[in-house]
Enquirer: 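Got a structure for you, questions after.
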Amino acid sequence: MPGPSSVERAGVEWRSRARPAPIWTSWSTNEIAAKRIATKERVGLLGHAFSSLESAFGEIRAMYRNDRFSRVFALIVICLNIFVITVPFAIEALRSVGISHYDLPARLNISRDGSLPEMFNYGQAALCALFLFGIWLRTREHMFLAWSLIFSFVTLDDATRFHERGGLLLAATFDLVSLPGMRARDTGEIITWSVVALGLLAPLLWSFWQSRPRQQALGSVFLLLFACLVGFAVVVDMLHFLTGSKLVGYAEDGGEMLSIAVACCCAFILYRGLGRDADLQALDPTLPFSKRT
C-alpha cells in the first residue's frame, strides 16, 4: 500500500501540536502568580520587621548588661511593679474562693483613682517621657521626641482621666449611640482617643519616615510596648466591663503598669547607653547593631 502523502503527514503533525491555552487560563495563571509574589513580599516585610525588632532588643540588652546603673534601675522598677500588681491580685483571688475575707484598703487598690499604685504608675510614665526627651536632646533624633510627647499624654490622661471625661462630655453633648456591648460613654472614649491619636501619630509617622533603619528599629520597641498598653487599656477594659470581675480589672491595670514599666526601663537604658556625645546619623547602618555604639 502506498504510504501517506506529505499533506496527510502535515495534518497529523499539526493536530499533534499542543494547542495554545485559552486567554482566561493565562489571565488566571498571571493572577495566581501575582498573588504569590505579593504574599512573599508581605512575608518578607514581616520577617524584616521582626528581625529589626529583635536586633533592637538585642542592642538594649547589651546596653543593660554593660551598665550597672541601668541594671539596678530596671530591677527596682520591675520588682516594684510586680509587688504592686501581685499583692492586690492575690488578695482578691483568695477572697473570690472564700479562703480570706480581708478587704484591701482603697489606697492600695490599683484599680482606684488616686491610690498609691496609681500615683506610682503616673511617676514611671512621666519618667519614661522625660528619658525619651533626654535622648532627643542628646541625639536630636525626632522620633524620640515624638515618643516623649506620646508618653507625656499617657501621663496626663492617667492623672486627669482625660479620655474618660472626654467620653462623658461627648456622650452627653451629642447623644451618642451605644455600640454593641458598650455604653455611650465608651463610644465617646473611643472617639476621644481617636482624635488625640491622629494628632500624636502624625509627628511620629513623619519622624519614622525620616529616620535611619537603626532609629526605626529602636522606635519599634516603643511601638510594641505602646500597642501592649493600648491592648490592656481598650480590649481588657471592655472585657472587664462585660464580666464585672475584679480579677479582670486587676489584670487590666497590671498589664498597663507593666507595659509602662518596661518602656520606662528601655528609655532609661537607651538614655544611658547612647551617651552624651552619641551621633546616630554618623553610624553606618550596614554594621551589626552590636558594633554601632
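Position 1 is the first residue of the sequence, and the numbers go up from there. Quick caveat, the model's predicted, so the values are computed rather than measured. All heavy atoms count here, side chains included; hydrogens, waters and symmetry mates do not.
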Enquirer: Does any N or O in the side chain of S148 come within less than 3.5 Å of the main-chain N or O of F144, such that one atom is a donor and the other an acceptor?
Expert: no

Enquirer: Under 4.5 Å between side-chain heavy atoms, counting indirect links through other Ile/Leu/Val/Met/Phe/Trp/Tyr residues: same cluster for L132 and F153 or not?
Expert: yes

Enquirer: Centre-to-centre under 6.0 Å for F133 and W136, is that the case here?
Expert: yes

Enquirer: Tell me, with the steps shown, if L204 and L201 meet side-chain contact (heavy atoms from CB on, under 4.5 Å).
Expert: CA-CA 5 Å; L204 179 63; L201 288 180; 3.9 Å; yes

Enquirer: When you look at CZ of R65, are more than 12 heavy atoms from neighbouring residues, nucleotides or ligands closer to it than 6.0 Å?
Expert: no

Enquirer: Do the side chain of S152 and the main chain of A129 share a donor and acceptor less than 3.5 angstrom apart?
Expert: no

Enquirer: Rounded to the nearest 0.5 Å, what separates atom CD1 in I260 from atom CG in L127?
Expert: 11.5 Å

Enquirer: Determine the minimum heavy-atom distance between A263 and F151, stating which atoms define it.
Expert: CB-CZ, 3.8 Å

Enquirer: Considering all heavy atoms of both residues, which atom of M257 and which atom of F120 are nearest to each other, and what is their separation?
Expert: CE-CD2, 3.8 Å

Enquirer: Could you tell me whether the side chain of Q215 and the main chain of R212 form a donor-acceptor pair under 3.5 Å?
Expert: yes

Enquirer: So if you build clusters from Ile, Leu, Val, Met, Phe, Trp, Tyr with side-chain heavy-atom gaps below 4.5 Å, do F83 and I85 land together?
Expert: yes

Enquirer: Starting at CG of L137, measure out to OH of Y271 and round the result to the nearest 0.5 Å.
Expert: 8.0 Å

Enquirer: Counting only heavy atoms not in R95, do more than 12 sit closer than 6.0 Å to its CZ atom?
Expert: yes

Enquirer: I'd like to know if the side chain of Y64 reaches the main chain of S70, judged simply by a donor and an acceptor atom lying under 3.5 Å from each other, with no hydrogens or angles considered.
Expert: no

Enquirer: I need the L149 CG to L156 CG distance, nearest 0.5 Å.
Expert: 12.0 Å

Enquirer: Verify side-chain contact (heavy atoms from CB on, under 4.5 Å) between L274 and M63, making sure each step is shown before the conclusion.
Expert: CA-CA 9 Å; L274 293 178; M63 293 180 182; 3.9 Å; yes

Enquirer: Please report the closest heavy-atom contact between S207 and A146, naming both atoms and the distance.
Expert: OG-CB, 3.9 Å

Enquirer: Start with the C-alpha gap between D253 and S111, add the side-chain angles, then the distance that decides, and say whether side-chain hydrogen bond (donor to acceptor under 3.5 Å, both in side chains) holds.
Expert: CA-CA 6 Å; D253 295 310; S111 297; 2.7 Å; yes

Enquirer: Give me the other members of the hydrophobic cluster that F232 sits in, counting Ile, Leu, Val, Met, Phe, Trp and Tyr linked by side-chain heavy atoms under 4.5 Å, directly or via other members.
Expert: V236, L239, V248

Enquirer: Return yes if some donor-acceptor pair links the side-chain N/O of N121 with the main-chain N/O of P117 below 3.5 Å, else return no.
Expert: no

